[in-house]
Number of protein chains: 2
Amino acid sequence: MAGIDDVARLAGVSTATVSRALSGRGHVSPASKAKVEEAAARLGYVVSSSASSLASGRTRNVGVVVPFLNRWFFSSVLEGVQQALLRTGYDLTLYNLAGDGDERATVFEQFLLRRRVDAVIAISLELTEAEVNRLHELGKPLVGVGGPIPGVRTLIIDDVAVARLATEHLLGLGHRRIAHIGGDLEFDLDFHLPTNRRLGYEAALRDAGIEPDPARFAPADFTIRGGYHAAKQLLGAPHDRPTAIFAASDEMAIGSILAARDLGMVVPRDVSIIGVDDHDLSDFFGLTTVAQFPRVQGEQAVELLMDELEPGHADAEPSATPLPFELRVRSSTARPAE
Amino acid sequence: MAGIDDVARLAGVSTATVSRALSGRGHVSPASKAKVEEAAARLGYVVSSSASSLASGRTRNVGVVVPFLNRWFFSSVLEGVQQALLRTGYDLTLYNLAGDGDERATVFEQFLLRRRVDAVIAISLELTEAEVNRLHELGKPLVGVGGPIPGVRTLIIDDVAVARLATEHLLGLGHRRIAHIGGDLEFDLDFHLPTNRRLGYEAALRDAGIEPDPARFAPADFTIRGGYHAAKQLLGAPHDRPTAIFAASDEMAIGSILAARDLGMVVPRDVSIIGVDDHDLSDFFGLTTVAQFPRVQGEQAVELLMDELEPGHADAEPSATPLPFELRVRSSTARPAE
DNA sequence: ATGAAAGCGCTAACAC
DNA sequence: GTGTTAGCGCTTTCAT
């Protein structure tokens, strides 16, 4: 295993020059730079990350904390993060907080603090002030995606606006009896997102002169199955059955489509359905949705981080960068039947 | 930021004792161990992983290489790996080989070799001999899950037997015209798994005295949409329409169920459908399937690794540990109609 | 632009 | 069982 001295010897320069040439920090003449690079290639030299980290205090590694791995949204964000990081030459250490609270404490107290990472990206996670502070004390930049984290740079989607857009699409088509499938309480605890979507939905309704009816709301757990059961409930109403459903996620919307079919209804003739996400499956189901772009969100989080990590260090103020979203009309929504 | 000396001073012992007490390597009297632990806790001391790695040569970090992140199977294995690793006190550095070949080369030449990881877990990836050798030279243990990697400890599922079991379930119910949806060529290149499943399907058929009919095979890409289109093809046959479909994955099987419905068929009355995986959604769709247990597979991979990483180091020989699978009969299969 | 050398914060012989 | 100490392989002043 070739070391930096081997490279230095072969290139006929000092180890300091090798270090500078390879890391890009400090000035090196083009000539020696070339020599060093050739020598390194010849020897198959790669820096030892531990030695480099120990000496420099930088690890070129970022910790990514996610609440779930096997949900479309999270794995997509993760994919974006991973790719952006790889391009930047950073490694990604993954922490899945799926388990109990114990696990969470371990991750924070033992893992993140081992000085193994330069920074942390938290995906759809609401960190406690204590957790944020701990990271701050250590001088580790933190950026959040999705979850609102006080005092931290965050990428957030305007869930109220998203919900409003979806609801207005339905209103625009002429629907008046619009039901909503949102998150259940448990979900809301961590993400607040369902509440915001419900708020947007209600606001749009009121603006159209419609008073939201609690009977037209059903909670679910963001899965297809959950959406299915919620939709059956909603669509089974004997009087004034809703002519449209706005589900707070595409998976729940897909569940709703299946529920409608099982009830013998035809979408969108008998009921219009709209979701949020633009999930992999949405196109297949012809689902109209408000698309968000999780991969891009992951990439943006990395960019934000690099601003803080790399030289210029604008001492990034806490801020909330809004994320784009977009209505994608497919075949699950239409004017209500007369 | 407290260092090991601070702890040593506070505990009234040497740094060596602190190191021993905290790492569990070497003997320390219970008394000093207690003192050290208390001091460490008081100071909020956590070892610097880079210093520790540099001095010891161990990183307590394993690299995990996956081809996809947003597919149920992979994210489930990953979840198992992550959890097992966390319990063992190891970190997990994630490499997603989603992109082009370039990315793959970078990961191998730059990242894995930076001596950042003690070992590598490859999920459903067929590594080249060169890649395996590179890792071997560096003395990094490697275990594979799913993909057959020559000369490496691997956890593999007996795909031939899985397919045979699924097909025999159908045969046992009395089906004779059984179609198969398998992987397309592109998929096969990397995983070989579709071929094996097709082999098992054909073997079961032959054992029952039925000659496999190429017209009853349709390739797809392991997605719901792919399964949907393949099933439509199969079920649209004007003569001798199959009475059952064995799909090589649950997602394709679910696509088949949807296709059957769209053709006005009732499952299982008009056609029986069986898959492989026991995907999250399978229970919801009442899909009969041959379950495999990806989370457990991930955990097992970690166990295998620890055998090599921890003291006893039995110099683990290449071997292929078989993975369990199990028939789960639900409501998508039944006797064929007369 | 380059080199010499002093660490970075631990671990592991080795000596007691 | 515990302390002393020499590195681990780099990066980064500080000179030049």
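In this text, all values refer to a predicted model and were calculated from it rather than measured experimentally. Below, each value reflects all heavy atoms present in this structure, side chains not excepted, and no hydrogens, waters or symmetry copies.
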**Message:** If the condition is salt bridge (Lys or Arg N to Asp or Glu O under 4.0 Å), which residues does B/R58 pass it with, not counting sequence neighbours?
**Reply:** none

**Fill in**
A correct 5'-to-3' footprint of nucleotides 8-16 of chain D, with B, S and - meaning base, sugar-phosphate only and no protein heavy atom under 4.0 Å, is BBBSBB---

**Item:** Any residue meeting side chain to side chain donor-acceptor pair (under 3.5 Å) with A/T321, in chain and number order, not counting sequence neighbours
**Value:** none

**Message:** Suppose we screen for side chain to side chain contact (heavy atoms under 4.5 Å, CB included). Which residues come up paired with A/L323, at least two apart in sequence or across chains?
**Reply:** A/L155, A/I157, A/Q297, A/Q300

**Message:** Among C/dA1, D/dT2, D/dG1, which nucleotide has an atom closest to any side-chain atom of B/H27?
**Reply:** D/dG1

**Message:** Taking salt bridge (Lys or Arg N to Asp or Glu O under 4.0 Å) as the definition, give me every residue that meets it alongside A/E129, ordered by chain and number, with sequence neighbours left out.
**Reply:** none

**Request:** State which residues pass salt bridge (Lys or Arg N to Asp or Glu O under 4.0 Å) with A/R9; sequence neighbours excluded, sorted by chain then number.
**Result:** A/D6

